[in-house]
2 protein chains.
Amino acid sequence: MIQSVQRAAALLKAFDSDTPELGVNDLSRRVGLHKSTASRLLATLEHAGLVERVPGTEKYRLGFELVRLAGYVRHYGDLRELARPVLADLAAQTSETVHLAVLDGDEVINLEQIEAPHMLREANWVGRRTPLHCVANGKALLAWLPDPQSAAIYAAPLAQYTDRTITDPHLLRRQMAQVRRCGYAVALGEIEIGLHAVAAAICDRDGLPLAAVSVSGPAYRVTPQRIDALGALVVAAATTIAGRML
Amino acid sequence: MIQSVQRAAALLKAFDSDTPELGVNDLSRRVGLHKSTASRLLATLEHAGLVERVPGTEKYRLGFELVRLAGYVRHYGDLRELARPVLADLAAQTSETVHLAVLDGDEVINLEQIEAPHMLREANWVGRRTPLHCVANGKALLAWLPDPQSAAIYAAPLAQYTDRTITDPHLLRRQMAQVRRCGYAVALGEIEIGLHAVAAAICDRDGLPLAAVSVSGPAYRVTPQRIDALGALVVAAATTIAGRML
DNA sequence: CGATCTGTTGCATGATATGAAACTTGTTGC
DNA sequence: GCAACAAGTTTCATATCATGCAACAGATCG
């Protein structure tokens, strides 16, 4: 474990969507470093293009080199590129935002986000991790998850995000049975008020869930009446992607 | 300049699309480090999630943390998010791949890539830098570039990529005059045989080029007959984005 | 103008990253 | 089945190199 590299990585991770620009002092305080140390580490990171200075103020922000490197991340790369056209299709058909997500431990991680045409911007969820029980993608995965893993999810306490979040494991279990029956999962304002989503799992030939596709949008557009139709579309998309993978 | 951080960054940059997975020896040789040093640096990077080990072979590849961090890169973030729906629209209308690019020094850097529905995968160009004179986006920017900068481009030797690459500065200058007349730029197999593209610049109120939008596809789909129609569409998209920015 | 906050730069110190070599582990060849 | 080889990790002594302090330089503010 090399200390200076660890510290440099910590500096990178100190940035987030709330604070896209930070000064040396802010950063050193967050990470717990001397400002002189932080200053030199940041200068090195800047030299590498991993951070940059904002022209006006002299604060730091994450650099474009990260975007370039992220393009080479091969993890799930095949799945992503394979799925992309299908996802674009789904976004066009539904005029809503589409996500592709996979299971990572006991969380869902978003691999891809495709905005529908004509829509206002939506926050970027790519790379974000969420629990399984309160998002549509997570539920779609959970529904087909075999026993040792799924039991662990039900056993752990289920965090409450809104008043619609399901925190009762028995209720969740029953809902998952229904997901297996109809093929798609639904989450209505369970992680964020007003955010509705429908998702379907992409399973391998053994029936194990590999990934999930979702369509999501504001409650006033993704209404209860539309859910059946959207469900059919996400299931179709998931089936298409699964077909391409095998 | 902190040596170990510089070396760690060099290790990250040693990965590219040709070699997505590398062993400790490969990496140490590429960067010019002792394998023991490389081993420790990589272990640290792995701990930070910036690289991961491939489950089967124990080689390293870039980690998903990079994708997460890249999502927070705010550089041109506004432009990107603002442009995204328009780009998605353009992709849907043309059924071809759409790119958004900006000028970075004397090169073009791709910020965004949107795949059209129904299409086979295209290589990822996001983050890649290309010269100005042989890609449609670059020409669109070059055409509106004011004198001190554009003169430097024409003065420098123009690299030849295919037999259709324009390497004569006078010819290029004349073509740029035509771009200013019709509003869009065209590149036909000038950086890669069989890759055709049409692009238009997004200019600020002073007429300075800020970014460019392009539509590209294989030569058999992006035919000379379609170019006029595609030109009109990219110009419309560029105008829409420019309008949203001001 | 003094006061305060932010960020960079010398400098002495010793903590820490380094390279050589030893040691594992896995693979290939005979 | 064993030897030879390659890839990777670990140990250890060494001195390099990162560190923290303090002083300095700008900027902002009252």
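Letters go in sequence order (proteins before strands), and every chain restarts at 1. Hydrogens, waters and symmetry mates are skipped; everything else that's a heavy atom, side chains included, is used.
Residue Arg29(A) has its side chain nearest to dT6(C) when only dT9(D), dT6(C), dA18(D) are considered. Closest to the side chain of Arg40(B), from the set dC12(D), dC21(D), dA17(C), is dC12(D). You'll find that the side chain of Lys35(A) is closest to dT6(C), out of dT19(D), dT6(C), dT9(D). With dT18(C), dT9(D), dA18(D) as the candidates, the nucleotide lying closest to the side chain of Arg7(B) is dT18(C). Closest to the side chain of Thr37(B), out of dG7(C), dA7(D), dT18(C), is dT18(C).
Mapping Ser36(A) and Gln3(B) onto DNA chain C by nearest heavy atom places Ser36(A) at the nucleotide closer to the 5' end. Where Ser39(A) and Leu41(B) each meet DNA chain C at their nearest nucleotide, the meeting point lying more 5' is that of Ser39(A).
Residues Phe64(A) and Ile109(B) are in side-chain contact: their nearest non-hydrogen atoms beyond the backbone lie under 4.5 Å apart. Put simply, the side chain of Arg68(A) reaches to within 4.5 Å of the side chain of Lys13(B), judged on heavy atoms.
At whole-Å resolution of the value, CG in Leu42(A) and P in dT8(C) are 8 Å apart. The separation between His34(A) atom NE2 and dT9(C) atom P is 18 Å, rounded to whole Å. Nucleotide dT25(C) holds its P atom 20 Å from the NZ atom of Lys59(B), rounded to whole Å. Between the CG atom of Leu27(B) and the C1' atom of dG8(D) there is a distance of 12 Å, rounded to whole Å. Between Asp26(B) atom CG and dA7(D) atom P there is a gap of 8 Å when expressed in whole angstrom units. As a whole-Å value, the separation of Arg53(B) CZ from dG8(D) P is 8 Å. Atom-to-atom, CG of Leu33(A) to C1' of dC21(D) comes out at 15 Å; the value is rounded to the nearest Å. For the pair Leu22(B) CG and dA7(D) P, the interatomic distance rounds to 13 Å; values are reported in whole Å.
In summary, the side chains of Ser4(A) and Ser4(B) do present a donor paired with an acceptor at a separation below 3.5 Å, with no hydrogens or angles considered.
Aromatic ring orientation, His99(B) versus Trp125(B): perpendicular (interplanar angle above 60°, classes split at 30° and 60°).
Partner of Gln149(B) under the side-chain contact (heavy atoms from CB on, under 4.5 Å) criterion, chosen from Leu145(B), Asp147(B), Ile153(B): Leu145(B).
Proximity of Asn25(A) to the phosphate of dC5(C): no side-chain N or O atom is located under 4.0 Å from OP1 or OP2.
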